[in-house]
Protein chains: 2
Amino acid sequence: MARRSGTRDTILERATDLFGLRGFEAVSLDQIAADVGVAKQTLLYWFPSKDDLIEQVLAATAAELAVVVEAAIRSAPDDPLDRIEAVVKAVFRPAVRRPALLGLVREIGRLPSSSSDALTTRVQPLVARAVQWMRSEMDAGRLRSGDPSVIVALVYATVTGIATEPEALRAVGWNADISGLRRLRDELVLFLRAALTPR
Amino acid sequence: MARRSGTRDTILERATDLFGLRGFEAVSLDQIAADVGVAKQTLLYWFPSKDDLIEQVLAATAAELAVVVEAAIRSAPDDPLDRIEAVVKAVFRPAVRRPALLGLVREIGRLPSSSSDALTTRVQPLVARAVQWMRSEMDAGRLRSGDPSVIVALVYATVTGIATEPEALRAVGWNADISGLRRLRDELVLFLRAALTPR
DNA sequence: GGGTTTCTCTACCATTTGGTAGAGAACTGT
DNA sequence: ACAGTTCTCTACCAAATGGTAGAGAAACCC
């Protein structure tokens, strides 16, 4: 049953980018096939239907993001504020390198929830852990008190908003090159520090 | 040349919601027509093409958002931090009432820029003014120093991220009801206060 | 070498897409 | 009452959509 060609992986990768950048419904199988350089029916050999392809793309993306975040958590420093900074920067890294990844997350709301279960079940525990950790740090007085789940949601919304809307951000007079993304990321970290440093 | 029926306005309104919630390419003229309760060709009577409809939707949305923001600026208090809070809350209001409005903004990046000129040219000056104002307040020492354009972009990304991704936010364990949105908004305002209060 | 599995292809299909042509109501000003 | 405009409709079209059927290479195991 071992795969002998890389076609499947290539399809997954290109589909991830196209879906993330333009949306599931807006990208046709023909377009993905042309992008990969293969016949549409080759896609349908590897993935029985477009819905299945979407599901696999989400599953692969969830796995990839989870690995990055887990690694960042494992190697992060102990000081709560440094730790937050490290993890936020880690989340930003794939988003900067490959905005389509977070563009996918944005697309979830447009799907029947069953298709996004793979991603949701992968991301939820990480977030739950983050919220729990933050609450305990707050109780211990090492972070200023607040509602951890709201803070996490806020960071999440910011990161996805930044990562997926470079064009729209240009509409507010901001330049979406790499250095611009870095400045945004650093400003976000400063915000978090200012808001969470214990008084 | 006066309009005798409200059909055109109804089409614009419904199309705004559908486009904002599901994306331009994902929504067909047939679907909009069915939603409005009219034949597809009635749409094409009022708007010569789908592209034209999109353009008109964006123009109307830009006008609507600009009015809200301008009114908020005009009646906002003088203290810089209070002023920021008032404007942010004003921007949030239509987003909360009608998330599709900001969903539209998110769609801009997927359009040929000519189609979004109407929105861009309407929003840009407002943002430019905000940045200029913030810089002068920083110079006067009434706000902590920073890069105003980055801060504005950050707020913008947060608001659109929150307003357009209730489903995705649920994936990170956050509840997207009205009170949840209010809590997020209030937390954002707290962040801004903490980050911008002069030391 | 022969049979099986892996992999990609051409040919085709029903449905949906954005859009055209043009008929016919219904309201308007005179 | 009548001419012109405003407004919505049915009927149709070429192209693109997701998907099926099945043929033909190429690599694998024996």
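The sequence lines fix the lettering, A, B, ..., with proteins before strands; numbering per chain opens at 1.
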Run the side chain to side chain donor-acceptor pair (under 3.5 Å) test on B:Ser28 and B:Asp30 for me, step by step, so that the C-alpha distance in whole Å, both residues' side-chain angles and the decisive distance to 0.1 Å come before the verdict. CA-CA 5 Å; B:Ser28 71; B:Asp30 280 307; 4.8 Å; no
Ignoring backbone atoms, establish whether B:Trp46 has a side-chain N or O less than 4.0 Å from OP1 or OP2 of D:dT8. yes
What side-chain donor-acceptor pairs closer than 3.5 Å can you find for residues 51-73 of chain B, not counting sequence neighbours?
| from | atom 1 | to | atom 2 | distance (Å) |
| --- | --- | --- | --- | --- |
| B:Thr61 | OG1 | B:Val57 | O | 2.8 |

Considering just the side-chain nitrogens and oxygens of A:Thr42, establish if one lies under 4.0 Å of OP1 or OP2 belonging to C:dC7. no
Can you check the A:Asp9 CG to C:dT6 C1' distance for me, whole Å? 15 Å
Atom pair CD1/CZ of B:Ile151 and B:Arg144 - distance to nearest 0.5 Å: 10.0 Å
C:dG24 P sits how many Å from B:Tyr45 OH, rounded? 18 Å
Contacts under 3.5 angstrom, residues 184-198 of chain B side chains, donor-acceptor by atom type, not counting sequence neighbours:
| from | atom 1 | to | atom 2 | distance (Å) |
| --- | --- | --- | --- | --- |
| B:Arg193 | NE | B:Glu85 | OE1 | 3.1 |
| B:Arg193 | NH2 | B:Asp82 | OD1 | 2.7 |
| B:Arg193 | NH2 | B:Glu85 | OE1 | 2.9 |
| B:Thr197 | OG1 | B:Arg193 | O | 2.5 |

Nucleotide-resolved protein contact map, nucleotides 13-24 of chain D, B/S/- at heavy-atom distance under 4.0 Å: ----SBBBB---
Could you state the atom-to-atom distance from CZ of A:Phe47 to P of C:dT6 in whole Å? 16 Å
If each end axis of the helix from C:dG1-D:dC30 to C:dT30-D:dA1 is fitted on five C1' pair positions, the angle between them, to 10 degrees, is 20°
Write out all pairs satisfying ring pair (Phe, Tyr, Trp, His ring centres under 6.0 Å) with one or both partners inside residues 20-42 of chain A, taking only residues at least two apart or from two chains. A:Phe19-A:Phe24
Checking B:Thr16 side chain against B:Leu12 main chain: does a donor-acceptor pair fall under 3.5 Å? yes
Do any side-chain nitrogens or oxygens of B:Thr7 fall under 4.0 Å of OP1 or OP2 in D:dC7? no
So for atom CG, which belongs to A:Asp78, do other residues, nucleotides or ligands contribute more than 12 heavy atoms lying within a distance under 6.0 Å? no
With sequence neighbours left out, the residues meeting side-chain contact (heavy atoms from CB on, under 4.5 Å) with B:Arg142 are B:Pro80, B:Glu137, B:Ala140
